[in-house]
Number of protein chains: 2
Amino acid sequence: MSSATPPHPTVPGRPCSVAAALQLVGERWSLLAIRELFYGNHRFEQLTRNTGAPRDRLAARLRALEEAGVVERRRYSERPERFEYHLTEAGRDLAPVLWSLVKWGDKWAVDAKPVAFTHQAADHPEHEVDSVTVCRTCGEQVTSKEVAISVLAPGWARTGPVDL
Amino acid sequence: MSSATPPHPTVPGRPCSVAAALQLVGERWSLLAIRELFYGNHRFEQLTRNTGAPRDRLAARLRALEEAGVVERRRYSERPERFEYHLTEAGRDLAPVLWSLVKWGDKWAVDAKPVAFTHQAADHPEHEVDSVTVCRTCGEQVTSKEVAISVLAPGWARTGPVDL
DNA sequence: GCCGGTGAGTTTGAAAACACAACGCTCTGG
DNA sequence: CCAGAGCGTTGTGTTTTCAAACTCACCGGC
């Protein structure tokens with residue numbers, strides 16, 4: 001993977017990709033900054049205005065995200081030094097996380113949908129994006145009842161730590 | 001929509017379902033507690049052990065999640081009063097968020113996958129779940145290039161606030 | 001040359017959130 | 001009667017977070 005990828009920090013509790021992911025992008029303001037980058041807003045000023053984050057917090061988050069390899073800083077002015085922020089491949093891979101949060105938020109966290117997304121591709125008619133998470137293999141939405149969990153990390157089971 | 005749903009708090013910055021969703025489930029430990037509930041661990045002791053959260057933080061989060069209508073408390077013992085925590089419909093609807101975080105974390109935040117999920121349904125052979133977020137209408141994975149954003153909230157455009 | 005304005009942060013001091021350990025309370029098993 | 005499990009709560013410091021002010025460097029008029 002990219003050369004920027006740092007050693008992964010250990011997480012408290014159960015070894016888990018969710019915990020590891022949240023360690024990198026789960027702090028307050030991080031995902032909102034990433035949202036703005038997806039929207040095509042790359043300047044610090046826009047990020048503060050549109051997320052509402054305090055400037056110092058945003059600066060700290062952007063540095064952490066850069067270190068995590070999620071965001072890339074590009075200089076667009078030499079003097080004074082000015083940077084824009086862009087998503088790396090890892091950052092762009094967060095799209096499904098945002099899609100699912102939008103979907104959930106639309107249903108459970110807001111009264112009226114504040115933003116809509118239109119899918120416009122050459123080969124089919126325009127339509128609103130209605131995102132859904134499915135299993136690629138069988139093409140179906142997966143309900144938790146049909147899923148068996150295999151804990152691969154040693155010392156842990158579904159219910160918690162096991163004595164070795 | 002459940003009767004428990006409280007009035008939605010306003011978010012800083014752009015009106016946005018992502019921000020609204022994170023307001024409810026974005027605090028530290030919340031999603032990890034929800035993960036454990038998906039795993040079928042419902043007791044306070046398990047939640048602390050498996051998430052690594054401090055007991056007081058976990059207690060605070062569970063109360064906030066209950067208030068947000070994501071988690072439900074069930075008494076399983078009268079004396080002493082003891083509760084288990086279960087997901088509501090809103091909570092179960094967070095599955096796609098967790099799937100996408102697992103997927104991203106597996107790829108970008110851990111060295112080796114700590115947990116695997118096997119899909120076992122009556123009508124087809126067992127296989128590992130490989131989650132992917134698609135558009136329900138056209139069935140395709142949606143890349144941000146093909147998506148147009150329509151900001152419905154008054155006073156806001158894609159690039160930020162507009163003067164009225 | 002001076003004046004206000006913009007962009008990108010950094011600094012500051014008070015307020016909130018956090019972590020950790022210890023405690024209390026109630027039952028259960030020996 | 002004592003030990004222990006289970007579930008939080010409380011008390012005590014330590015970190016984060018916040019909002020506002022400040023810095024630094026340029027730009028564009030006039």
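Quick note on labels: first sequence line is chain A, next is B, and so on, each numbered from 1.
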Problem set entry | B/V115 and A/V18, any side-chain heavy atoms less than 4.5 Å apart | no

Give each protein N/O atom lying under 3.5 Å from an N/O atom of nucleotides 24-26 of chain D, with the pair distance.
residue	atom	partner	partner atom	Å
D/dC26	OP1	A/R79	NE	3.2
D/dC26	OP1	A/R79	NH2	2.8

Exercise. For the residue pair B/T88 and B/V71, what are the closest heavy atoms and their distance?
Worked result: CG2-C, 3.8 Å

Exercise. Does B/E84 come within less than 4.0 Å of B/R73, counting only side-chain N to carboxylate O?
Worked result: no

Exercise. What does A/R49 touch in the nucleic acid at a heavy-atom separation under 4.0 angstrom: a base, only the sugar-phosphate, or nothing?
Worked result: nothing

Problem set entry | Nearest-nucleotide pick for A/F83, side chain only, options being C/dA19, C/dG9, D/dA19 | C/dG9

Exercise. Can you list the steps and then say if B/S100 with A/S100 is a side chain to side chain donor-acceptor pair (under 3.5 Å)?
Worked result: CA-CA 8 Å; B/S100 54; A/S100 53; 3.2 Å; yes

Exercise. Can you say whether the rings of B/H119 and B/H127 are parallel (under 30°), tilted (30 to 60°) or perpendicular (over 60°)?
Worked result: perpendicular

Exercise. Side chain of B/D56, base of C/dC20: donor and acceptor closer than 3.5 Å?
Worked result: yes

For this session: Taking only the side-chain nitrogens and oxygens of A/R57, find out if one of them lies under 4.0 Å from OP1 or OP2 of C/dA17.
Result: no

Problem set entry | Distance-only donor-acceptor test (3.5 Å): side chain A/R55, base C/dA8 | yes

Exercise. Between A/R28 (CZ) and D/dA19 (C1'), how many Å, whole number?
Worked result: 13 Å

Problem set entry | Phosphate OP1/OP2 of C/dA17: any B/W29 side-chain N/O under 4.0 Å | no

For this session: Examine D/dC7: is either OP1 or OP2 under 4.0 Å from a nitrogen or oxygen in the side chain of B/Y76? Give yes or no.
Result: yes

Problem set entry | Proximal nucleotide (of C/dC18, D/dG8, C/dG9) relative to the A/A59 side chain | C/dG9

Problem set entry | Nearest-Å distance for atom pair CD/C1', residues B/Q46 and D/dA5 | 13 Å

For this session: Name all pairs fulfilling the side chain to side chain donor-acceptor pair (under 3.5 Å) condition that reach into residues 15-37 of chain A, sequence neighbours left out, sorted by first residue then second.
Result: A/S17-B/D106, A/E36-A/N41, A/E36-A/N50, A/E36-B/R14

Exercise. Under 4.0 Å between a side-chain N/O of B/Y85 and OP1 or OP2 of D/dG8, yes or no?
Worked result: yes

Exercise. Would you say C/dG9 has OP1 or OP2 under 4.0 Å from some side-chain N or O of A/R73?
Worked result: yes

Exercise. Among A/E72, A/R74, A/R92, whose side chain to side chain donor-acceptor pair (under 3.5 Å) with A/H86 holds?
Worked result: A/R74

